[in-house]
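Structure first, commentary second.
FYI, the numbering just counts along the sequence from 1.
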Amino acid sequence: MATYQDVLVVLDPSQPIQKALDRAFELAEHTACRLTAFLSIYDFSYEMTTMLSGEERESMRQAVITDREIWINELVEPARAKGINVHVKVVWHNRPFEAVVKAVIDDGYDLVIKGTHNHDVLKSMIFTPTDWHILRKCPCQVLLVKEHAWPSKGNILAAVNAGSSQPHHQALNNRIIRQAKALASMLQADVHLVNAYPGTPIHVAIEIPEFNPADYNDSMRSHHEDAAMVLATEFGINSSCVHVIEGMPEDVIPRVAGQIDAEMVVIGTIGRTGLSAAIIGNTAEHVIDRLDCDVLALKPDSSIAIP
């Protein structure tokens with residue numbers, strides 16, 4: 001559901017404009033949700049002040065936390081004056097993504113909103129950015145915010161894997177479309193579906209002489225088009241808003257989002273961790289840096305087994 005009740009907004013003190021907070025205020029005006037402006041801070045120098053007692057170091061840390069709380073309260077005061085319910089939470093933690101995940105688990109937030117930045121591709125493979133960690137490990141929905149506004153009568157793009165027969169993919173498709181439609185109703189937007197499908201595997205065409213690439217391509221396209229249209233019909237989406245395109249999702253989704261000037265892309269993330277995430281990553285992660293609009297990432301229902 002798009003009617004969020006408790007939203008955690010992750011602030012970034014290194015940025016002059018708090019995109020996530022601005023987006024959260026906009027969301028609260030539509031849903032009357034409760035917001036928590038959240039900041040995780042840490043300064044190693046306070047831990048290394050060996051000349052001070054533990055109580056003195058704790059007092060210094062608390063002074064820094066209080067200073068940040070004053071700063072955040074100043075940021076949110078205009079929203080409070082409009083009747084928006086905003087709490088402030090500052091924690092001392094050396095791993096920001098763990099602080100976010102812990103807050104979600106402890107306090108049961110429905111949504112995390114965080115501003116995102118472009119990531120250097122090589123660095124992202126070695127040192128996973130905070131928002132990638134949050135995408136993988138946060139148990140609730142995550143909205144990563146960029147500069148693109150939420151205009152009325154805009155477009156929301158739901159990225160689906162319509163051709164999959166796996167139950168967790170089918171369930172995730174349904175969650176993605178339902179969420180996109182709920183948000184579209186709230187923002188008076190139109191919902192589009194995008195489905196990427198793979199092209200002819202070149203090595204098969206080379207190794208098997210009787211393999212017909214044209215027939216394979218036609219069959220694959222028809223399979224995905226039919227499956228996407230079934231979803232569109234089920235959820236009342238106009239056929240002109242269905243985009244089934246050959247290619248990799250990380251290429252197709254940003255291209256379609258740009259063509260329709262989407263204000264948001266709703267996408268699923270399986271949330272891989274460990275070696276598989278380091279090697280192949282997740283589609284959502286590959287897509288995020290190539291989009292100029294917000295990305296809402298959903299995970300499969302926890303009751304659905306993922307192979």
Side-chain angles (χ1 to χ4, degrees), residues 10 12 15 17 19-20 22-23 97 111-138 141-151 154-164 169 172-173 175-177 179-180 183-184 187 189-199 224 228 241-273 276-299:
V10 182
D12 184 350
Q15 299 299 312
I17 299 175
K19 297 179 292 186
D22 291 340
R23 186 70 83 234
F97 80 90
L111 174 70
V112 169
I113 303 180
K114 183 185 180 299
T116 189
H117 314 290
N118 291 328
H119 304 134
D120 178 271
V121 174
L122 181 59
K123 288 181 180 178
S124 294
M125 292 175 64
I126 300 173
F127 303 105
T128 306
T130 295
D131 42 357
W132 285 25
H133 273 301
I134 292 173
L135 274 177
R136 294 171 183 174
K137 299 173 182 178
C138 187
Q141 298 180 23
V142 178
L143 177 63
L144 295 176
V145 175
K146 294 197 175 181
E147 284 79 10
H148 196 292
W150 282 358
N155 294 309
I156 293 177
L157 183 63
V160 297
N161 183 4
S164 176
H169 276 142
L172 187 54
N173 287 339
R175 290 194 70 201
I176 288 169
I177 299 173
Q179 190 65 33
L183 288 163
L187 300 174
D190 292 322
V191 174
H192 289 245
L193 295 186
V194 60
N195 183 97
Y197 68 92
H224 282 267
C241 296
V242 178
H243 312 268
V244 180
I245 299 172
E246 178 183 341
M248 298 296 291
E250 53 264 37
D251 297 321
V252 171
I253 295 171
R255 187 193 322 160
V256 174
Q259 289 171 350
I260 67 172
D261 191 23
E263 58 203 88
M264 184 189 303
V265 171
V266 184
I267 193 168
T269 174
I270 300 303
R272 293 188 187 93
T273 60
S276 65
I279 295 174
I280 61 178
N282 294 296
T283 297
E285 296 170 1
H286 292 299
V287 168
I288 287 168
D289 284 344
R290 302 179 62 179
L291 289 167
D292 292 324
C293 63
D294 293 0
V295 181
L296 178 65
L298 314 180
K299 287 185 173 65

Report summary line: When rounded to the nearest 0.5 Å, the distance separating CD1 of Ile288 from OG1 of Thr116 is 6.0 Å
Query raised in the report: What residues form a side-chain contact (heavy atoms from CB on, under 4.5 Å) with Asp12, not counting sequence neighbours?
Result: Ser14, Gln15, Gln18, His117
Report task. Indicate the atoms forming the closest heavy-atom contact of Gly268 with Leu172, along with that distance. Result -> CA-CD2, 3.7 Å
Query - By side-chain contact (heavy atoms from CB on, under 4.5 Å) - contacts of Ala196 (at least two apart) - result: Pro249, Val252
Requested in this report: Mind checking the CD1-CE spacing from Ile253 to Met248? Nearest 0.5 Å is all I need.
Outcome: 10.5 Å
**Report entry** Heavy-atom closest contact (Val112 atom, Cys138 atom, distance)
**Finding:** CG2-SG, 3.8 Å
Report task. Mark yes or no for whether Glu263, through its side chain, and Asn155, through its backbone, hold a donor-acceptor pair below 3.5 Å. Result -> yes
**Report entry** salt bridge (charged side-chain N to carboxylate O under 4.0 Å, His left out) involving Asp261 - partner list, sequence neighbours excluded
**Finding:** none
Query - All side-chain contact (heavy atoms from CB on, under 4.5 Å) counterparts of Val145, not counting sequence neighbours - result: Lys19, Arg23, Ile113, Leu143, Asp294
Report task. Quick one: pull up CG in Leu135 and OG1 in Thr269 and give me the separation to the nearest 0.5 Å. Result -> 5.5 Å
Report summary line: Correct closest heavy-atom pair for Leu291 and Ala257 would be CD2-CB, 3.7 Å
Report task. Check whether any side-chain heavy atom of His192 lies under 4.5 Å from a side-chain heavy atom of Val256, and answer yes or no. Result -> no
Requested in this report: Please list, chain by chain and in numerical order, all residues satisfying side-chain contact (heavy atoms from CB on, under 4.5 Å) with Ala162, sequence neighbours excluded.
Outcome: Val160, Asn195, Ala227, Ala228, Leu231
**Report entry** Exam field: side chain Lys146 to backbone Val295, donor-acceptor pair closer than 3.5 Å
**Finding:** no
Report summary line: Distance col, row His133:NE2 vs Phe97:CZ, nearest 0.5 angstrom, shows 4.5 Å
Query raised in the report: Any side-chain heavy atom of Val265 within less than 4.5 Å of one from Cys293?
Result: yes
Report task. For residues Arg255 and His243, determine if any side-chain heavy atom of one lies less than 4.5 Å from a side-chain heavy atom of the other. Result -> no
Query raised in the report: Going through the distances and angles, do Leu296 and Gln141 end up as a side chain to side chain contact (heavy atoms under 4.5 Å, CB included)?
Result: CA-CA 7 Å; Leu296 178 65; Gln141 298 180 23; 3.8 Å; yes
Query raised in the report: Hey, are the side chains of Asn161 and Asn173 touching, using non-hydrogen atoms and a 4.5 Å cut-off?
Result: yes
